[in-house]
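To start, the structure itself, in structure tokens.
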Amino acid sequence: MCGIIGAISYRNIVDILLDGLRRLEYRGYDSSGLAIVDIHGQVMCLRRLGGVQNLSDAVENTILSGTIGIAHTRWATHGKPAEINAHPHTSSDISIVHNGIIENYQSIYKQLRECGYICSSETDTEVVAHLVDWEGKQGGSFLEVVQRVLPRLRGTYGMVILDRRMPDRLIAARSGSPLVIGCSIGENFIGSDPIALLPITRRLIYLEEGDIAQITASSIMIFDRCGNSVQRSEILSNIRHDSVNKGVYHHYMQKEIYEQSTVIKKRLQGCLKNNKVDFSELGSKNEILLKNLKHIQIVACGTSYNAGMVARYWFESLIQVPCDVEIASEFRYRQPVVRHNSFLITLSQSGETADTLAALRLSKTMRYLGSLAICNVPGSSLVRESDLVLMTQAGPEIGVASTKSFTTQLTILLMLLAKISYLKGMKPDIERNIVEALKVLPYRIDQMLLKNDFMADLAKDFINKENALFLGRGTQYPIAMEGALKLKEISYIHAEAYAAGELKHGPLALIDDNMPVIVVAPDNDLLEKIKSNIEEVRARGGSLYIFTNAQFCVLNIENMHIISIPYVEAIITPIAYIVPLQLLSYHIALLKGNNVDQPRNLAKSVTVE
Ligand code: F6R
């Protein structure tokens, strides 16, 4: 949420900052801005409401050049989206870009007002700029000043600070919001996400919680929260910088939907060996944790939570391991009771979701056997702080609506289940059946993608709708949830999902001829049950859209549309059935003229509470 890039170099860094912002735009697109020190030693600060293109246009109309600067793309927390609230915020010679929330900014501002400081914006960040300025007047080096300011801040921050009088250095600080340094020769960079830095360098240093870094063009000094000088290891990123291009697709979401079979195939190739699941990346010592677990607690948010919901059905029905799934923001404040020999699994695309991270940290104070993160972003906080890690390896997901991260999470969860069954000495059939089904999964997804044109056509039925209901049973109930989430977030159609059996306990009252009801109904042992629910809707005049591979005796009669879905092996149906629903939402949003990749009010990676 929000994106930061900073640069210090021997060359003009304006284009580097703008390019970095474009690459970070998926993290927030309410406004953007940059501040550089120009050749005359003056700070030039430009800020614009809206996407990065607006800032870029403004830069084109200005003569702007400098070798040090900071830039930001914003997702509004404190203060509405407006130019005045855009970052960088300045106070005299100090400019600052900030991700996160400073909770005690009002009390700090009260004190600063007595010293004559007046904020011109509604943001918490401007208060920090004034505080740094005030503290600087009390003396000390730039670094020492920031080191004195940080303990006064309550909340979360990833921030980069520029002092016009010190145009040879940037100070960066991390607490609760990630920052990564990009190292190069004669120039260094800092960003909130490696994606911003990849075209310029792949040599990365992740800051740890509480770290402060002083970055010059030729040196990087890092101090921990106690002020001790520390070394943080440099890694070489293997993310290709062109993996964040749209390629032949119109939207990132479209590209990411289409990539699903390829990324899953690649991940399976690395893990399925001799018809068994090889998770050697976990380390053999750690397998004992999986062998001993008696209960699984999954914690996640949004789409990742929906993946956890599918896994719950799998763990309990296939290997009889009790499993609970909870939304991270509830888990962290609920004082949950830890079950005997319980193992915590966090699911997250970004690995930076504030609530999921807080839940993981909380779990360390509780009696869990250990924690496993299933995550897509290497080097993310969740990955670095979990005992065990399984990477989804889906490649960067830029579209705000999660797609490939969902199906890759499910693929990993299914392999994990097979692994646990093996470690626990369960019937070899379990692992064998899962492996057999997974082998054909990429092909099944490709078959689902062939439904694209059909979904584009079907989308026309929905453009004037204001509501939609999604129904499913068993593992398809979470798929209905995920289908509804996709629809609401990019098409702005209010959508709710229900376990189909719940229909008569309330939602049936909503059914009329203006209510589309999407039913996820593969041919399985729950089909007859869901057919009864379909009749309940039909009897009340609702328009039904039934995604199924089963034969329905009534075909395409008015208000009953059978969307014929190819056969899929039972275990992997949830993974395959979400694909046509993703495509349907994509096409509805497209027809409505919405910004598919950057839906209103949302941003990728929710790093604030
Ligand atoms: C929905 C979506 C969000 C995320 C949620 C968790 O399409 O993208 O609901 O799933 O914010 O994010 P991660 O998986 O990064 O923890």
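Atoms within a ligand are numbered from 1 in the order they appear, just like the ligands themselves. All values reported here derive from a predicted model rather than from experimental measurement.
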Interfacing atoms of ligand 1 (cut-off 4.0 Å, heavy-atom, [X]):
| X | answer |
| --- | --- |
| Ala401 | 7 (O) |
| Ser304 | 10 (O), 13 (P), 14 (O) |
| Ser348 | 13 (P), 14 (O), 15 (O), 16 (O) |

Is [X] salt-bridged to [Y], cutoff N-O under 4.0 Å?
| X | Y | answer |
| --- | --- | --- |
| Glu281 | Arg267 | yes |
| Glu208 | Arg174 | no |
| Glu316 | Arg312 | no |
| Glu234 | Arg203 | yes |

Regarding ligand 1, does [X] bring an N or O atom to under 3.5 Å of one of the ligand's N or O atoms?
| X | value |
| --- | --- |
| Gln409 | no |
| Lys604 | no |
| Val400 | yes |
| Thr356 | no |

Could you tell me how the ring of Tyr368 sits relative to the ring of Phe331: parallel (under 30°), tilted (30 to 60°) or perpendicular (over 60°)?
tilted
Measure the acute angle between the ring planes of Tyr586 and His251, then classify it against the limits of 30° and 60° as parallel, tilted or perpendicular.
perpendicular
Measure the CD1-CG distance between Ile565 and Leu581 for me, rounded to the nearest 0.5 Å.
7.5 Å
Are the side chain of Lys451 and the backbone of Pro580 linked by a donor-acceptor contact shorter than 3.5 Å?
no
Can you pull out the closest protein heavy atom to [atom]? Residue, atom name and distance to 0.1 Å, please.
| atom | answer |
| --- | --- |
| atom 7 (O) of ligand 1 | Glu489 OE2, 2.5 Å |
| atom 11 (O) of ligand 1 | Val606 CG2, 3.8 Å |
| atom 16 (O) of ligand 1 | Thr353 OG1, 2.4 Å |
| atom 4 (C) of ligand 1 | Thr303 N, 4.0 Å |
| atom 5 (C) of ligand 1 | Cys301 O, 3.7 Å |
| atom 15 (O) of ligand 1 | Ser350 OG, 2.7 Å |

Side chain, backbone, both or neither: which part of Glu352 has a heavy atom under 4.0 Å from ligand 1?
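Within the 4.0 Å criterion, Glu352 makes no contact with ligand 1.
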Which is closest to atom 2 (C) of ligand 1 by heavy-atom distance: Gly302, Ala603, Ser585, Ser402?
Ser402
Applying salt bridge (charged side-chain N to carboxylate O under 4.0 Å, His left out) to Lys465 and not counting sequence neighbours gives none
Tell me, please, whether Tyr492 has Arg600 positioned over its six-membered ring: NZ or CZ under 6.0 Å from the ring centre and within 45 degrees of its axis?
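Ring-cation test returns yes.
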Looking at ligand 1, would Lys486 count as a contact under a 4.0 Å heavy-atom criterion?
yes
